[in-house]
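Step one of this worksheet: look at the structure below.
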Amino acid sequence: IEKPKDLCDREKNTNVRISLPAVCFVWQIAMIILFGVFIRYNEESSPFWIEHRKANNISSDIENDFYFRYPSFQDVHVMIFVGFGFLMTFLKRYSFGGVGFNFLIAAFGLQWALLMQGWFHSLDYSDGKIKIGVENLINADFCVAGCLIAYGAVLGKVSPVQLMVLTLFGITLFAVEEYIILNLIHARDAGGSMVIHTFGGYYGLSISWMLYRPNLSQSNRLQGSVYHSDVFAMIGTLFLWMFWPSFNSAITDHGDGQHRAAINTYLALASTVLTTVAISSLFQKHGKLDMVHIQNSTLAGGVAVGTAAEFMLMPYGSLIVGFCCGIISTLGYIYITPFMEKHLKIQDTCGIHNLHAMPGVIGGVVGAITAAAASEAVYGHEGLINTFDFEDAFKNMTPTRQGGHQAAGLCVAICFGVGGGIIVGCILRLPIWGDPADDNCFDDEPYWELPDDEESIPPVLQYNNHMRNKDV
Amino acid sequence: IEKPKDLCDREKNTNVRISLPAVCFVWQIAMIILFGVFIRYNEESSPFWIEHRKANNISSDIENDFYFRYPSFQDVHVMIFVGFGFLMTFLKRYSFGGVGFNFLIAAFGLQWALLMQGWFHSLDYSDGKIKIGVENLINADFCVAGCLIAYGAVLGKVSPVQLMVLTLFGITLFAVEEYIILNLIHARDAGGSMVIHTFGGYYGLSISWMLYRPNLSQSNRLQGSVYHSDVFAMIGTLFLWMFWPSFNSAITDHGDGQHRAAINTYLALASTVLTTVAISSLFQKHGKLDMVHIQNSTLAGGVAVGTAAEFMLMPYGSLIVGFCCGIISTLGYIYITPFMEKHLKIQDTCGIHNLHAMPGVIGGVVGAITAAAASEAVYGHEGLINTFDFEDAFKNMTPTRQGGHQAAGLCVAICFGVGGGIIVGCILRLPIWGDPADDNCFDDEPYWELPDDEESIPPVLQYNNHMRNKDV
Amino acid sequence: IEKPKDLCDREKNTNVRISLPAVCFVWQIAMIILFGVFIRYNEESSPFWIEHRKANNISSDIENDFYFRYPSFQDVHVMIFVGFGFLMTFLKRYSFGGVGFNFLIAAFGLQWALLMQGWFHSLDYSDGKIKIGVENLINADFCVAGCLIAYGAVLGKVSPVQLMVLTLFGITLFAVEEYIILNLIHARDAGGSMVIHTFGGYYGLSISWMLYRPNLSQSNRLQGSVYHSDVFAMIGTLFLWMFWPSFNSAITDHGDGQHRAAINTYLALASTVLTTVAISSLFQKHGKLDMVHIQNSTLAGGVAVGTAAEFMLMPYGSLIVGFCCGIISTLGYIYITPFMEKHLKIQDTCGIHNLHAMPGVIGGVVGAITAAAASEAVYGHEGLINTFDFEDAFKNMTPTRQGGHQAAGLCVAICFGVGGGIIVGCILRLPIWGDPADDNCFDDEPYWELPDDEESIPPVLQYNNHMRNKDV
């Protein structure tokens, strides 16, 4: 009897016993060496802070940047590890992989990000060292977020080794793209609508396009959620939702900058929840809500005010942005994701196109418009300079031109995302990474020791398993 | 064959496909318009902060109110969305509704609260605008808490549209009641024992009384928890418990006020845990603990020190308050809740009477006594004025009289709760809101698309379902 | 028919209906009395703060210690209650006990810790009162952590009454040991590698040794996890992992001390994750990851930088410490825990030897080396004095000697842990505490009212239960 093709495929080797430890050890040792050569404490985290304080007439330890940013840092940290991690536990048999691989690649990514971003932004030319403080930690977490977004598109379809490669290149591309957008183009992007979400979204979608699996329906039985996995995912959703104001305000200007960014984000997110619920109910036959929308689209408003959160978007402006994004993102889940899968060969497990890519682009556009509309009447003279950093080489910038620069930044983010994703996708197609077979996707079984309760999974699954065995 | 009455009832229309989106859209658009007309940034969150700082000789950005209150704000935010949300996931088949509808009404409520409270407290008479900053965000979250408490009483028995109505009126009543208690009566209520918990508790109980369902026992099979839903609920409990010190100190005076409120709350809560465990064990046949008590009564101490947390309650005073509340609240679950259901026709799903209403009243009384006992010996001259705000129109207040005012405030909170609840309950009885039938209560099925694992619910339930189908 | 021995054993009395409430009430009342006699607010949490501020020329309320430490305090609080609590929910039928008893003993322990540590560290000799502020709350949480670590070793094998006794003595021993190490020996231990983790680890292991159960295999069927209980445990893991930088920096010096401790811990933890994953995969037949390692060993790096986090460990030094600890801790789970159970009669449910005891000792050694290697070139003159507190009686200390003192501190921690554990273990062997029989271990049934879904536990268990009943 001839073996059916998909059976051959099933025999794909998912054993990562050599490759995963090898990658982890080699890269971690590389990190240690590079940190040894390059990374030092900055003046606010070294014992010379006392001298620095006195020399700069700083009256109290409380003015150390640590106290301005540490609470926001911890909130961002929770978003990265619990927020993204638990949001990805929604699949019925991929919760370990969702939260566990998220943990792994975030922990690696933040080290590499400290180096990459450090070379671009925190290099002390006097001694060639990168000097780090709490703001670098936040930026490293931000940088990691881009890769975690990309993970959402390929969730359940890749091996941990592939994810490490995706992260290594993702962080590298991110740092370059960020440098171009923020420093060369001089766009502002406090909450990273462009730099993080647009880039991360298109990076992930392009990779997913390159890794298209025509027979993915073979693991259909595992693609949904179960009751409790949906509740776990709500942990992720809520921590992302609650701490998004900290995300968008974490690295904005001290004082009113952080204050305003938090308010705008808080409002945009509140508005998104209502329109998400409205659309979710309206487009279902019996008006029932869909957990996928509640878990994801409610966050789109936070993405879309990322760039403009520190500007004078005005409270009603934030509400409007959130209002539109809830609608667009939910409709994306209903119409665009199936369309992309069917016609564009892009399989987007978590729907990052609706949660990050589209809202990120909207955020970039809103940022450009808000910047272009800025005036001294609204910001005050000093406020305008301060908010848009019209200093040094850019002291002749005008708000209108700044709007153009913002738009240029958005284009760069999209290009890096798409281009980078295609290249990295090619690399990930090499048959050496231990990725799972089509009917083994969305399953923790290939990469995790599982407890004995497999038989407790829903009977409907057992039935499917049973049928599958018979088919074979 | 004549249809049995309960079958007719089963055919109640729970389709909210028109009403829910309509309410969400109309109210969100109303919010955008009202925010456009009324809401602006205050001087600490606008770019004019720089000028403001210089004009007021403020030496550092760190003195922006943002840095005094933002960490507490985020803790309160977690309590509202994860704390209340997950505490309500304990029912075996209503976890989506518990955490999801909590999310919806909180997101709507906070917007309406910013407006209502803004008109009373933050209106800038020079230009007729409400000027908001981080303190307004905290107060909006507080205001929402009152409605979420009320939701606890009717959990599983109402439609999302009813919840939106409950919230709209609840926020409105809250803002008026708060203005009367804090501004007109000049009572102090930092942690909201009266303003939030007493009001919210009686508001919810009155509504539940108006919506009494004599045949609720038809959904008995769904009224309990399952093992994992109880663990989910502990997430809610613990985040409420841990962050309650932030709740009670979030809007107290800068410096010692916030410091003392956090300490008192921390201590009261610790004490409550021990007496809750003691009573829970003592009143069960085999000394076994009941998860309902651990999930709820352990929080009663935080409610009951809400008013007095900023006063000189003394550490041992906090312990005593917590000690008593753990006992009273647990006994409430054992005796009062069943009594109320049987004899008073009040069905209180989460037992908010034991967790919010009673401890809130105790908190109001403790606050009145502590205020009346205040003296310059204990507070210092400036401390007394500062703590009780004996300034301007109230500069001739004495502690004894303040005690009386506190008691008056408590009465107002009860009246608003009961009266408001009865009126809103009447409105919610209209047959247009899509509420579930008696045997459809405590079930996500009417309002949520559920994953395919329904068959995995405990066999005991399947049996019940089976029986039910036969009965029909 | 003669009753088999294990059946007799099954009939052990686990009814704690008298003893548990009695212990809770008596101890809580004792706390109230002792707090009444001894505990008062300190000058930063009392209304005299205003006078204190003016007298000390403190320009702003923001310099109140509350604002330096409260965000870290709340993070530590989350680690104690959600971190430790949920980490212990991994067992399939002991999640209530894991998170619930953790809650109980932490709430009791922190009160007793405020007193014990207060007498040693915060006694105001002018009036014989302990004056507390936010730093005392953090230290109380720290003190409790030692006992929660010990709980990990005996998880599932003791009654709540035994846990209360374990905590009472544990806190007492902790406070004495801490006073000796920090004040008499003048060792530095910001993150408590020695004081908390080494002590707590050996305390728990010694108790577990004294309570050795030769027939524990009778409850083998309950010793593992189920799919969702492993996901719950990841909540604990991640909150511990994310907030560990706050743990290690919570009570370090204002300014650069807190800043540096946070950075070092962040880096050490990131590095640990990679080597944990590597070893976990490498030592499994098919390269699959083991959730036990991911849940626990990823945290070892945080333990091991506890002492040195505030020193100039350097970023690469932190990475190296984390690198080694990930390897050692994971190998400990693979080899040492089974060895200890088989040959040393130490049954360590959570593997605290690998997560706390060993990494704690490593942390002590790293601290000693880092201290001994300190120099003015690296710390600056003032920085050196400040970081190591070379003042007053210790103003003639040298870094080298400080290294010796650190090592001495480590020895004291081990001695107190082992010695205290043996004594307390003897007390806990008395047959009056209501501990469960061997085949009743790891089961919530003896101490908790359980919901009706027992039949929904995995069939494999039902089978076991069935077999058990037949055996009987």
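As the structure is a prediction and not an experimental result, all values here were calculated from the model. To find a chain, count down the sequence lines: A is the first, B the second, and so on, and within it residues start at 1.
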If you tally heavy-atom pairs under 4.5 Å against chain B, which of [options] wins?
options: A:Ser225, A:Ser318, A:Pro315; value: A:Pro315
options: A:Met234, A:His381, A:Met314; value: A:Met314
options: A:Asp290, A:Val292, A:Ile320; value: A:Ile320
options: A:Thr298, A:Leu269, A:Thr387; value: A:Thr298
options: A:Tyr227, A:Phe68, A:Tyr379; value: A:Tyr227
options: A:Asp256, A:Leu282, A:Val273; value: A:Asp256

Close side-chain approach of [X] and [Y], heavy atoms under 4.5 Å:
X: B:Leu240; Y: B:Phe84; value: yes
X: A:Leu289; Y: A:Val277; value: yes
X: B:Val37; Y: A:Tyr316; value: no
X: B:Pro451; Y: A:Asp230; value: yes
X: A:Phe283; Y: A:Tyr333; value: no
X: A:Asn386; Y: B:Pro47; value: no
X: B:Lys54; Y: A:Glu382; value: yes

Are side-chain N/O atoms of [X] and [Y] paired as donor and acceptor at under 3.5 Å?
X: A:Ser297; Y: A:Ser329; answer: yes
X: B:Ser45; Y: B:Asn42; answer: yes
X: B:Gln28; Y: A:Thr275; answer: no

Using non-hydrogen atoms only, which part of [X] is less than 4.5 Å away from chain A: side chain, backbone, both, or neither?
X: B:Glu51; answer: side chain
X: B:Pro446; answer: backbone
X: B:Asp141; answer: both
X: B:Phe38; answer: neither
X: B:Asp444; answer: side chain
X: B:Ile235; answer: side chain

Legend entry - chain A neighbours within residues 106-114 of chain B, where any heavy atom lies under 4.5 Å away: B:Ala107, B:Phe108, B:Leu110, B:Gln111, B:Leu114

For chain A, which of [options] has the most heavy-atom pairs under 4.5 Å?
options: B:Phe25, B:Phe48, B:Phe232; value: B:Phe232
options: B:His52, B:Met164, B:His228; value: B:His228
options: B:Tyr67, B:Tyr70, B:Phe35, B:Phe86; value: B:Tyr67
options: B:Ile132, B:Ile50, B:Asn136, B:Ile18; value: B:Ile50
options: B:Trp49, B:Phe81, B:Tyr41; value: B:Tyr41
options: B:Val23, B:Ile80, B:Val82; value: B:Val82

Legend entry - Candidate pair B:Glu445 and B:Arg93, rule salt bridge (charged side-chain N to carboxylate O under 4.0 Å, His left out), full reasoning: CA-CA 8 Å; B:Glu445 196 276 334; B:Arg93 296 298 292 170; over 6 Å; no

Legend entry - Name of the residue among A:Phe243, A:Phe239, A:Tyr266, A:Trp244 meeting ring pair (Phe, Tyr, Trp, His ring centres under 6.0 Å) with B:His77: A:Tyr266

Legend entry - Contacts of B:Ala233 that satisfy side chain to side chain contact (heavy atoms under 4.5 Å, CB included) - sequence neighbours left out: B:Thr89, B:Phe90, B:Gln295

Given 3.5 Å as the limit, does a donor-acceptor pair link the side chain of [X] with the main chain of [Y], or not?
X: A:Thr272; Y: A:Leu299; value: no
X: A:Arg260; Y: A:Glu310; value: yes
X: A:Gln74; Y: A:Pro71; value: no

Inset, instruction - For chain B, find its close neighbours in residues 58-66 of chain A: heavy-atom separation under 4.5 Å, sorted by number, or none. - result: A:Ile62, A:Glu63

Inset, instruction - Find the distance between CZ (A:Phe388) and CZ (A:Arg188) and round it off to the nearest 0.5 Å. - result: 8.0 Å

Inset, instruction - Locate the shortest heavy-atom distance separating A:Val231 from B:Ser95; write the atom from each residue and the value. - result: CG2-CB, 3.8 Å

Inset, instruction - With a 4.5 angstrom heavy-atom cut-off, could you sort out which part of A:Ile327 is near chain B: side chain, backbone, both or neither? - result: side chain

Inset, instruction - Not counting sequence neighbours, which residues clear side chain to side chain donor-acceptor pair (under 3.5 Å) with B:Tyr447? List them please. - result: none

